[in-house]
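The block underneath contains the structure these notes are about, expressed in structure tokens.
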Amino acid sequence: EVIVESEPSPAEKQGLLSFINQTPHANRLKWNTSDSVCNWTGIECDSSQSYVYSLRLPGTGLVGSIPENTLGNLNQLRVLSLRANRLSGSIPSDFSNLKLLRSVYLQNNVLSGEFPMSLTASNRLNRLILSQNNFTGKIPFTVNSLTHLSVLDLDNNGFSGTLPSIDIAGLQGFNVSNNKLNGSIPETLEKFPASSFSGNLDLCGGPLKPCQPFFQAPSPAPGGATPADNTPVKKKSKKLSKAAIIAISVVCGLILLILLGLLLLCCLKKRKKNSTTTQPAKPVVPRSVPVTETGTTSSSKDEAVGASAEADRNKLVFLDGGVYSFDLEDLLRASAEVLGKGSVGTSYKAVLEEGTTVVVKRLKDVVVSKKEFEQQMDVLGKVKHDNIVPLRAYYFSKDEKLLVQDFMAAGSLSALLHGSRGSGRTPLDWGHRMKIALGTARGLSHLHVSGKVPHGNIKSSNILLRSAEHEAGISDYGLNPLFGTATPPNRIAGYRAPEVVETRRVTFKSDVYSFGVLLLELLTGKAPNQASLGDEGIDLPRWVQSVVREEWTAEVFDVELMRYHNIEEEMVQLLQIAMACVSTVPDSRPGMQEVLRMMEDMNTSSSSRGGETDDGGLRQSSDEPSKAGSGGHTPPSSRTPPAVTP
Ligand SMILES: Nc1ncnc2c1ncn2[C@@H]1O[C@H](COP(=O)(O)OP(=O)(O)OP(=O)(O)O)[C@@H](O)[C@H]1O
């Protein structure tokens, strides 16, 4: 009775063809009608080639709405990925035929309409990602029928109303941030972090601020009531709140005036006292200098320099003589700005009076003796490479240990990758990501081979960029020996090789692991978990492995990379290198030199990019179908998932 088909049904084929014919797209999909559907780009069939198992067309430049009677014909479909296109309109109602769907990735389009109920027809649905679209209306209670759901991402849409109480046992990922939701967070969803709910109109409770008690007068919304919110209660209290607003404004105004007066008085008094110093010197240093919230040191130079620093004043030791000509006193006089607090101390940007800018790192919890400290500094001072931020000088006294290094004006890779994502930032293009990856590999390989020093703290905030050209420099290398094994091993949590937890020793191979995580970070755009990031980060190697195993390699890549065409092959190659680096067994990881060689080979074979040049700009192609079509002869995706060893 069982009919074994060797081909997907004519309805499936017809549905796909009518979809592609009716939906304008970058002219790269050459679906050959005489060829089997299973060989078409973006399509994967089941093992017996009898039905379409997945349809993946991420970043294909698809424009317009998804017509009825097209994809709805793929009644055996398990995975649908149309993310990072410009699809609009609502989800067709015949998607309710897709009863076996497991994963739906529709993020990053301009889809609109109400929550697509047709997608809830499959109770096997495991991941539903609708982020970054224009969906509106309420999130329906019926999502609860999706009992197999593990990830539900609805962030960055226009969903409104209150959150239904979603109670799905296996739900691990949930995000409704940046919508227009209000009301209290249901108890069933309280376990998710604040970042899952932030950026809504008026959500409260759970991980967010507590909700106002029920009977309190409606808080007179600053800036007036929103027109959408015309509940009857508001009309009643309109007169009262007007009067209240006036009264409150008058009182506030008065208080403000008094405060301003007081502040003015204070300032005048202070100025009289300090009238001798015209420019306030904000000493970098150290000990006993309270650091204010604004990030600058707040006390005067006299306070900063204590007796013992006085004695050690001339002991700023330069490591390569000649590049800089300042002494500790100049450093003390420099105005300083806190760059950030790291795991082993705080870094300050110090602008010296002569105009030089350096970075001073105040180390805390150094356990070694002065001699051992000096020995390590000598070793580190000798390491010289274009991709390593030079250590210029150090200072050691009983109370204070300082390192001085060049200021890297273009900031860190971490800031570049994760800073203000989604809010109009310029994404880091593929060419620059590759350039940074190569620079880092070169620096790290040099550190290992010539310097014979394990880095011990490879992570994206320690990859610094010299200029807008993105020349990478590695910083914070070789400091572990200064802190002994007492240093909390969670220093670099998301980047730390598994064996380091036990041995508490960093090695060349543990650096390779961290470098692998860094490559995954560049490829996926996701931050590995770190204490400072709270719940934001993830275990990148595990996440990538699980996605690659369950799904298909292309799903792991950063959405921001979807606009660059013909880079998928390179991305897959780099992904394979990264996965080799994050092998759990240290001996199975390649050495850093080998990693560099593989990256350089990959680089020369797939493009003409050298170390110095980059073609990020050239590779950037618009999503417009007409432009992207020209010359794009390479299929955007490799047909089979690459053999990535988990
Ligand atoms: N030489 C430098 N030039 C420019 N920015 C720097 C420099 N050194 C550090 N920074 C930036 O200052 C901030 C704090 O750096 P710091 O090295 O103190 O901490 P970290 O890198 O976050 O952690 P860790 O102490 O573990 O390295 C980071 O954002 C880092 O990118």
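Whatever order the structure lists ligands and atoms in, that order sets their numbers, starting from 1.
- Taking every heavy atom of Ser412 and a limit of under 4.0 angstrom, the matching atoms of ligand 1 come to 31 (O).
- In this structure, Lys459 counts as a contact residue of ligand 1, since one of its heavy atoms falls inside 4.0 Å of the ligand.
- Among the atoms of Ser461, some N or O lies under 3.5 angstrom from an N or O of ligand 1.
- Atoms of ligand 1 lying under 4.0 Å from at least one heavy atom of Asn462, given by number and element, are 17 (O), 21 (O), 27 (O).
- If you number the atoms of ligand 1 from 1 as listed, the ones under 4.0 Å from a heavy atom of Val344 come out as 25 (O).
- A heavy-atom distance below 4.5 Å is found between the side chains of Leu574 and Trp430.
- In summary, the aromatic rings of Tyr394 and Phe373 are positioned with their centroids under 6.0 Å apart.
- Each of the atoms 1 (N), 2 (C), 7 (C), 8 (N) of ligand 1 lies under 4.0 Å from some heavy atom of Gln405.
- The side chain of Val359, and not its backbone, has at least one atom closer than 4.0 Å to an atom of ligand 1 (non-hydrogen atoms only; side chain from C-beta on).
- Listed by atom number, the atoms of ligand 1 under 4.0 Å from Asp476 heavy atoms are 17 (O), 24 (P), 25 (O), 27 (O).
- Under the 4.0 Å criterion applied to side-chain N and carboxylate O atoms, Arg362 and Glu400 are assigned as salt-bridge partners.
- The minimum heavy-atom distance linking Val389 with Tyr477 is given by the pair O-OH, 2.6 Å.
- Interface of Lys361 with ligand 1, defined as ligand atoms under 4.0 Å from a residue heavy atom, comprises 16 (P), 17 (O), 18 (O), 24 (P), 25 (O), 27 (O).
- Below 4.0 Å from some heavy atom of Phe407 lie the following atoms of ligand 1, by number and element: 3 (N), 4 (C).
- In terms of modelled atom types and a separation under 3.5 Å, the side chain of Glu372 and the main chain of Leu482 share no donor-acceptor contact.
- Residue Asp406 has at least one heavy-atom neighbour below 4.0 Å for each of these atoms of ligand 1: 1 (N), 2 (C).
- Counting heavy atoms closer than 4.0 Å to ligand 1, residue Met408 contributes atoms from both its backbone and its side chain.
- Pairing each heavy atom of Met602 with each of Glu570, the nearest pair is CE-O, 3.5 Å.
- Arg442 and Glu600 are joined by a salt bridge, as a carboxylate oxygen and a charged side-chain nitrogen come within less than 4.0 angstrom of each other.
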